[in-house]
Amino acid sequence: MSDRTFLPSLVIVGALAGIIVVAVAHAQGTATARLQRAESRGAPAPSLARPTSPAKAPNAEGFLQRWLVLEPIRVSGQLTDSAVKATVKTEHFPGQLTAIPRDGDTLFVGDTKVAWHAIDSVGYNVNLYHFAYALNKPTSNVLFWVVTIVNAPRELSGVRLAIGSNAASIWWVNGTEVIGIYNDRQTVIDDGVSKRLTLKQGPNVVRAAIVNAGGHTDFCARFLDDQDRPLTGITMSVISPSKTEGSAK
Amino acid sequence: MHDPSTVVVHDGKFYAYGTGNGLPISISDDGWTWRRAGTLMQALPGGRPGPDVLARGGNNTWAPDVIRSGDKYFVYYSAPGTQPKAAIGLLVGRTLDPSSSDYKWEDGGPVVWSDGVEDSNAIDPGVFRDPTGSLWLTYGSYFGYIRLVELNPKTGKRLYPDRKPINIAINGEASIMIFRDGWFYLLVTHGSCCAGANSSYNIRMGRAKKVMGPFIDNMGIDMLQGGGKLFLGSGGRYVGPGHFGLLDLGDGVQKFSCHYEADLDRGGISVLDIRPLLWRDGWPVAGENFKEGTYQIESARTGTALELAVQGTPVGGLRGRGGRGSAGAGGGTPIPAQDAAQVSANWPSGPIDVRMAPYMLQAQQKWTVTPVANAGGYPGSPYFKITIAGTDHALTATDDQELVVLASFSGRPEQLWRIDQLTDGTYRVMPKATPNSQEPLALSAIGSSTPTLARFTPDSDRQRWLFKTP
């Protein structure tokens with residue numbers, strides 16, 4: 001079970017590491033807090049920021065840029081279909097396919113304590129290498145769990161989840177596996193696209209497991225509408241009204 | 001069939017007319033399987049051309065062409081006497097369907113003719129509507145010129161009967177025009193006909209910026225001086241193609257019809273064919289109807305190949321490349337191609353998803369495309385089944401408009417595939433039918449790794465596929 005000790009943000013992690021940190025930047029007069037680029041390991045992730053608003057719309061191309069990311073879990077890093085499926089099937093922590101974490105939640109994987117971090121990505125993709133590097137966590141042979149809540153203003157049928165990842169990844173929407181891509185690969189926009197699905201009105205849980213072997217690691221995700229255009233009339237949040245998907249209706 | 005008209009689609013059926021006593025009618029429900037349905041002249045008083053046509057030409061009935069204009073159909077046909085004395089007659093009707101209560105043809109008299117002395121042999125009509133809606137007739141055969149006159153779109157007769165026909169080409173017959181991207185193309189048949197496998201018929205062309213020419217070939221030679229870039233000659237098992245006709249199916253899919261003087265697979269008889277029409281460097285190119293075989297199926301959008309969603313095995317098994325400059329891990333021994341029998345033991349026995357991935361020469365990426373007998377077809381071709389090579393695993397459209405591979409082929413419509421070559425040489429792939437969908441859908445690359453079925457959009461690469469020999 002996860003306990004909810006409020007772990008420090010990425011910024012504070014960087015500060016604790018004794019590295020130069022500049023925590024807040026103002027972009028064109030907004031109050032968005034953006035983590036600044038730093039020069040050495042342990043510095044804050046340059047492409048990630050702390051969410052400062054309750055909800056965030058996708059960018060103009062429909063990319064989902066607000067996520068809860070769990071600190072990386074060490075795995076074998078094998079990327080074949082069967083190896084990735086086995087890695088994800090392994091229960092690393094209770095409720096890994098159902099729990100809806102909140103920013104700062106911590107849990108144990110074996111003897112290792114890991115924390116969930118709420119992030120907004122500056123770019124269309126979420127740079128997991130930046131994320132892990134900033135936390136002094138491993139970037140190779142690792143498994144990342146990521147979750148976001150997509151709020152739909154009405155029921156949206158015929159939409160598809162379109163993802164790209166470095167490297168392999170498996171994705172769920174409201175608890176149903178919808179797409180998996182395997183083997184060593186780079187993040188390509190719309191690399192894997194789910195079959196048609198329906199987003200229900202209100203919150204929908206999007207979850208992914210991303211497995212990296214070595215080198216860079218990141219992902220991108222967006223929904224496409226029934227005409228294969230980026231879906232933009234939705235918002236993302238990372239603060240759920242409850243802790244289980246079953247009640248997130 | 002000999003000297004076929006342009007193939008016309010009317011109320012979902014395909015119609016073509018050809019040379020023969022009374023102008024035989026051929027009808028097809030799908031563009032693949034044809035049946036005879038009497039003759040056009042059966043619907044005329046006396047079952048023969050009208051008296052003025054007989055007077056200007058003769059009692060033969062050859063090489064017709066047909067076009068819809070408003071709510072009418074105009075059929076132009078050759079009525080030669082002792083050539084080059086000949087006439088082109090007109091028939092006017094409102095439906096092509098002989099079973100319709102409205103079915104009737106009226107004699108429109110002779111439209112153009114040759115007196116037997118002038119530099120013209122008034123046979124082989126080809127009718128053409130230009131982008132402005134004006135209607136034109138080309139005609140002629142070897143003796144003298146290919147000529148052009150303008151027609152009245154309301155009556156089908158000459159718009160300016162007192163004007164002298166315009167000479168636009170020589171040394172050919174079976175002329176017709178098409179238009180594309182600001183160019184008028186004149187296609188004519190050169191060579192000799194009617195000698196079976198000894199016929200030298202071949203289709204040639206020139207192009208012009210104006211409907212009246214000059215029509216210039218690829219080497220700058222005017223067709224009035226014998227020029228003509230080859231469009232289609234003999235090939236495969238077919239000798240002597242002639243009588244081009246455009247069949248535009250919409251959505252950017254174009255076909256052409258022709259006849260071969262001799263189909264060697266059918267004892268050398270003359271047959272109708274419908275083939276893809278491609279375009280390259282501003283010229284039409286004769287495409288090939290899809291041939292059975294084993295292929296990798298590559299998305300033009302992504303460059304990834306359609307595959308069974310199973311874990312691949314490297315060809316030859318896992319092995320390194322060896323040290324730099326070495327003969328390699330295999331010592332230079334050739335690695336045999338991978339087939340399904342080597343790797344399919346771990347494939348699921350039930351339905352398997354379909355996805356796309358970089359082509360790695362693996363068994364789950366090789367598809368055998370096979371025509372299916374007695375399952376109907378589409379213009380120029382029968383339906384195909386698409387199976388993983390060496391297996392019966394069949395590509396299937398699902399009832400939610402997605403794709404799956406089933407363990408066996410049952411012949412159901414969702415397992416029958418239409419493969420049309422598009423004007424750029426790539427292919428559109430469509431199931432004969434998709435459960436729960438009334439609209440035609442095409443295989444579509446919605447992402448680098450994901451195929452689906454979606455309505456065809458001709459301006460996108462997402463539904464364009466390449467079939468490459470593995």
Side-chain angles (χ1 to χ4, degrees), chain A residues 61-63 78-89 125 157-171 173 176-198 208 211 219-231, chain B residues 299 301-314 317-318 343 345-348 351-360 362 364-365 396-404 434 436-437 439 441-457 459-463:
Chain A
E61 290 76 40
F63 287 104
Q78 296 296 311
L79 297 173
T80 61
D81 302 36
S82 56
V84 170
K85 289 174 182 174
T87 295
V88 171
K89 189 176 180 181
N125 60 330
S157 61
V159 305
R160 300 172 187 268
L161 177 64
I163 56 93
S165 63
N166 184 346
S169 61
I170 300 177
W171 297 71
V173 175
T176 301
E177 182 180 328
V178 296
I179 184 71
I181 56 177
Y182 305 97
N183 300 312
D184 190 15
R185 60 202 308 143
Q186 287 71 50
T187 293
V188 174
I189 292 172
D190 301 347
D191 187 355
V193 183
S194 75
K195 293 179 167 55
R196 296 170 179 90
L197 55 84
T198 298
V211 179
F219 72 90
C220 64
R222 61 178 173 176
F223 281 97
L224 304 176
D225 69 13
D226 57 3
Q227 302 297 313
D228 298 339
R229 298 168 302 204
L231 187 66
Chain B
S299 164
R301 170 179 176 171
T302 67
T304 48
L306 201 68
E307 70 170 21
L308 206 58
V310 296
Q311 183 169 314
T313 301
L318 287 167
V343 296
N346 294 327
W347 292 358
I352 305 175
D353 268 350
V354 186
R355 66 185 178 194
M356 288 133 61
Y359 184 65
M360 299 288 286
Q362 295 175 3
Q364 78 279 7
Q365 301 179 313
T396 307
T398 67
D399 56 9
D400 57 354
Q401 292 86 58
E402 302 286 359
L403 294 155
V404 71
T434 305
N436 298 333
S437 177
E439 63 178 353
L441 302 175
L443 182 65
S444 179
I446 196 167
S448 301
S449 305
T450 310
T452 187
L453 294 171
R455 187 161 184 83
F456 181 70
T457 49
D459 57 346
S460 171
D461 271 349
R462 71 179 56 185
Q463 288 150 330

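Proteins come first, then strands; the chains are lettered A, B, ... in the order of their sequence lines, and each starts at number 1.
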Over 12 foreign heavy atoms within 6.0 Å of CG, B:N346: no
The reported gap from CD in B:E402 to CZ in A:R196 (rounded to nearest 0.5 angstrom) is 4.5 Å
Report the distance from atom OG1 of B:T457 to atom CD of A:Q227, rounding to the nearest 0.5 Å.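 Result: 10.0 Å between the selected atoms.
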Quick one: which residue pairs count as a salt bridge (Lys or Arg N to Asp or Glu O under 4.0 Å) with a foot in residues 177-188 of chain A, not counting sequence neighbours? A:R185-A:D191
Could you check whether any side-chain heavy atom of B:I446 comes within less than 4.5 Å of a side-chain heavy atom of A:D228, counting everything from C-beta outward? yes
Any A:D81 side-chain heavy atom under 4.5 Å of B:V310 side chain: no
Checked A:I181, A:I189, A:V193 vs chain B; the most non-hydrogen pairs under 4.5 Å come from A:V193
I'd like to know if the side chain of B:Q311 and the backbone of A:A83 have a donor-acceptor N/O pair within less than 3.5 Å.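 Absent.
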So which heavy atom on [X] is nearest to which on [Y], and how close?
X      : Y      : value
A:D190 : B:R301 : OD2-NH2, 4.4 Å
A:G192 : B:S449 : CA-CB, 4.3 Å
B:D353 : A:K195 : OD1-NZ, 3.3 Å

By number, which residues in residues 160-169 of chain A have some heavy atom less than 4.5 Å away from chain B?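 Near chain B, by residue number: A:R160.
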Is it the backbone or the side chain of B:R455 that comes under 4.5 Å from a heavy atom of chain A, or both, or neither? neither
